[in-house]
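Note sheet for the following structure.
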Amino acid sequence: MALEFDLIENFFKPLSLGLSEDEVGIGDDGAVMSAPEGHQLVVVTDTLVAGVHFPVATSAYDIAWKALAVNLSDLAAMGATPAFFSLALTLPENDTDWLKGFSKGLKDLSHRFKIPLIGGDTTKGPLTITVTANGWVPFREAILRSGAKVGDWVCVTNTVGDGALGLKVALDNLPESMFISDLSQEEKKFALNALNRPMPQLAISQDLLGRVNSAIDISDGLLADLGHILQQSSAKSYGTHGASQKTMLGADIELTELPLSSGVTKYLELTDDWSLPLAGGDDYQLCLTLDEARFSGLKALLAKQQVCLTKVGKINDQGLVSCFERGVLRLGDADLQSGYSHF
Ligand code: ADP
Ligand code: MG
């Protein structure tokens, strides 16, 4: 791309901060990074395509924020400490104002978690952003999707459904039974902020190590992502009759326990549409499973970082997901298979 050198120097090299003397960041054929002893590298990649992963009208700042945030969210779910990231950027044109906003968004989030940009690639084409983020975990301590056990409590951080509500607000796409004026200014702002500036749960990723059995970040909706935990944990879990006896894990979810913001609560009162908090996506909160005995200790630990941990259900050995409303079955596995999730 024309002027690629200037573009990198002006907008991206300033984000390559905090490397040690032994390390090499932006400018050479590759970056050279040192690895802390006794740790493993966790590598995550996510691509955002304009019009697919964010509305085309999204600001450059928010696009950059989100592109990095969704990757850091994956690192948080693995229990990793963020280390460095790279950026592959495909741009339709060399627009200085856009690049200013974009690099500012990237800078603000990367500085917050002290994670340097160490390289990337820049090409011309339809707007597409790929971030690869890297983090460290102590040897064999990474938190996996496959660790859930029968009887585990299923928990989520903070609130769910806000990103999906934000998307409906941004696209002016609320159901007929609801008007945009039903939401207060603060509720709209909260939902839009959840959509555009998700905060990866990195402040608590260290607290999870050794305390939870499995974790996933909620990007495709609680049920779909919990489904990944169930699927992968079933594949790893064996019954009492030997290794050939596979336990199919499921979960019982109590809908009234779901932690909801006031905007999402209002949405549910007016629409009764549970698919928003269950299958909406774009939450970037964490779904965790853990031994019951660990719950109150972890909840207290996360509260110190202003993160709320809520129990929403329990892992069963029936291979089915059921959602109850005050103990009465509201959505059975068949309902959930047809439209509430995509597993
Ligand atoms: P090469 O031709 O070897 O691929 P480039 O000209 O693509 O080199 O990149 C030059 C340097 O700038 C490399 O260190 C590369 O990592 C870095 N770089 C290129 N694009 C970006 C970007 N979007 N963000 C950060 N660093 C970048
Ligand atoms: Mg290149």
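Residue numbers count from 1 along this sequence. Ligands are counted one by one from 1 in listed order, and the atoms in each one are counted from 1 as well. Scope of the values below: all heavy atoms of this structure, side chains included, with no hydrogens, waters or symmetry mates.
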What atoms in ligand 1 come closer than 4.0 Å to a heavy atom of Gly27?
11 (C), 13 (C), 14 (O)
Is there a donor-acceptor pair closer than 3.5 Å between any side-chain N or O of Asp272 and the backbone N or O of Leu268?
no
Show the atoms of ligand 1 that are less than 4.0 angstrom away from any heavy atom in Asp28.
13 (C), 14 (O)
Short list, please: which atoms of ligand 1 are under 4.0 Å from a heavy atom of Ile26?
12 (O), 14 (O), 17 (C), 25 (C), 26 (N)
Among Gly120, Gly30, Ala88, the residue with a heavy atom nearest to atom 27 (C) of ligand 1 is Gly120
Would you check whether Ile118 has a nitrogen or oxygen atom less than 3.5 angstrom from a nitrogen or oxygen atom of ligand 1?
no
At a 4.0 Å threshold, what atoms of ligand 1 neighbour a non-hydrogen atom of Asp29?
3 (O)
If hydrophobic clusters are built by linking Ile, Leu, Val, Met, Phe, Trp and Tyr wherever their side-chain heavy atoms come under 4.5 Å apart, do Val44 and Ile115 end up in the same one?
yes
Looking at side-chain heavy atoms only, is the closest gap between Phe11 and Leu89 below 4.5 Å?
no
Using a distance-only test with no angle check, is there a side-chain donor-acceptor pair under 3.5 angstrom linking Thr47 and Thr130?
yes
Contact atoms of ligand 1, heavy-atom distance to Phe12 under 4.0 Å
22 (C), 23 (N), 24 (N), 25 (C)
Under the 3.5 angstrom rule, does the side chain of Thr289 hit a backbone N or O of Asp152 as a donor-acceptor pair?
no
Cluster link Phe84 to Leu72, ILVMFWY, side chain under 4.5 Å:
no
Membership question, hydrophobic clusters at under 4.5 Å side-chain separation (ILVMFWY): are Leu298 and Leu209 in the same one?
yes
For ligand 1, indicate whether the residue Thr122 contacts it via side chain, backbone, both or neither (heavy-atom separation under 4.0 Å).
both
Taking distance alone, with N or O pairs closer than 3.5 Å, would you say Ile8 contacts ligand 1?
no
